[in-house]
Amino acid sequence: MAPTGATRARALSLYRQLLRGAEKMPTPNRRDFIKKKTQVEFRSAVAVTDEEEIEFHLRLADTSLDTVLVQADHLTKLFRDPRVQGDA
């Protein structure tokens with residue numbers, strides 16, 4: 001069965017939020033990695049039609065979004081901490 005409009009809207013919303021979350025990463029390498037990983041994962045799931053598998057992918061994307069946002073916040077704080085910078 002094909003995904004519903006609501007499912008497509010949810011997937012698109014998660015996709016956009018993940019890309020925005022990537023922009024919050026403190027380094028270009030991390031930003032680029034999150035963006036590329038998001039694009040690859042969503043493109044690989046575009047042909048999925050099984051409702052349970054679609055729901056699994058959406059839950060995984062939601063969990064990934066939470067992880068990205070927590071990591072971005074944590075790493076940003078860590079990189080701003082003068083004790084971490086050091087005088088190497």
Side-chain angles (χ1 to χ4, degrees):
M1 178 179 229
T4 65
T7 302
R8 287 178 191 264
R10 182 175 164 207
L12 185 56
S13 175
L14 284 166
Y15 182 77
R16 288 177 178 156
Q17 289 178 69
L18 279 160
L19 292 180
R20 285 186 197 118
E23 289 300 320
K24 295 178 182 182
M25 284 292 178
T27 65
N29 285 345
R30 291 182 186 277
R31 281 191 292 272
D32 293 344
F33 174 77
I34 298 298
K35 286 179 185 178
K36 188 65 173 173
K37 180 76 170 163
T38 299
Q39 292 167 346
V40 167
E41 292 297 325
F42 273 79
R43 285 182 183 143
S44 72
V46 76
V48 175
T49 57
D50 180 60
E51 288 183 35
E52 288 183 20
E53 193 172 350
I54 291 169
E55 186 59 34
F56 169 78
H57 284 287
L58 291 173
R59 284 193 311 269
L60 183 61
D62 197 36
T63 301
S64 295
L65 175 61
D66 289 342
T67 302
V68 164
L69 295 176
V70 167
Q71 285 181 357
D73 182 56
H74 173 74
L75 291 172
T76 299
K77 288 177 183 175
L78 183 68
F79 288 147
R80 288 182 182 160
D81 189 337
R83 297 173 294 172
V84 175
Q85 299 302 319
D87 293 326

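Residue numbers run from 1 in the order of the sequence given.
Side-chain contact check for Ile34 versus Thr38: some heavy-atom pair is nearer than 4.5 Å.
The distance from atom CG of Asp81 to atom CZ of Phe79, rounded to the nearest 0.5 Å, is 11.5 Å. The line from CG of Leu18 to CG of Asp66 is 9.5 Å long, rounded to the nearest 0.5 Å. A distance of 14.5 Å separates NE2 of His57 from CG of Asp62, quoted to the nearest 0.5 Å. The CD atom of Glu55 sits 11.0 Å away from atom CG of Asp50, with the distance rounded to the nearest 0.5 Å. A distance of 10.0 Å separates CG in Leu12 from CD in Gln17, rounded to the nearest 0.5 Å. One distance of note links CZ of Arg31 with OG1 of Thr27; it measures 6.5 Å at 0.5 Å rounding.
One hydrophobic cluster holds both Met25 and Phe33 under the rule that ILVMFWY side chains link at heavy-atom gaps under 4.5 Å. By the criterion of side-chain heavy atoms lying less than 4.5 angstrom apart, applied directly or through intervening Ile, Leu, Val, Met, Phe, Trp or Tyr residues, Tyr15 is not grouped with Leu60; the two fall into different hydrophobic clusters.
The minimum heavy-atom distance between Thr76 and Lys24, with the atom names listed, is OG1-O, 3.6 Å. In terms of heavy-atom proximity, Arg10 sits nearest to Arg59 at NH2-N, 4.3 Å. Scanning both residues, Gly21 and Ala72, for their nearest heavy atoms gives O-CB, 4.4 Å. Closest of all the heavy-atom pairs between Phe42 and Ala11 is CE2-O, 3.4 Å. The two atoms that bring Ala61 and Leu14 nearest to each other are CB-CD1, 4.0 Å, heavy atoms only.
Within the 3.5 Å criterion, the main-chain N or O of Ala9 finds no donor-acceptor partner in the side chain of Ser13.
By the 6.0 Å contact criterion, CD on Glu23 is enclosed, its count of non-hydrogen atoms from other residues, nucleotides or ligands being greater than 12.
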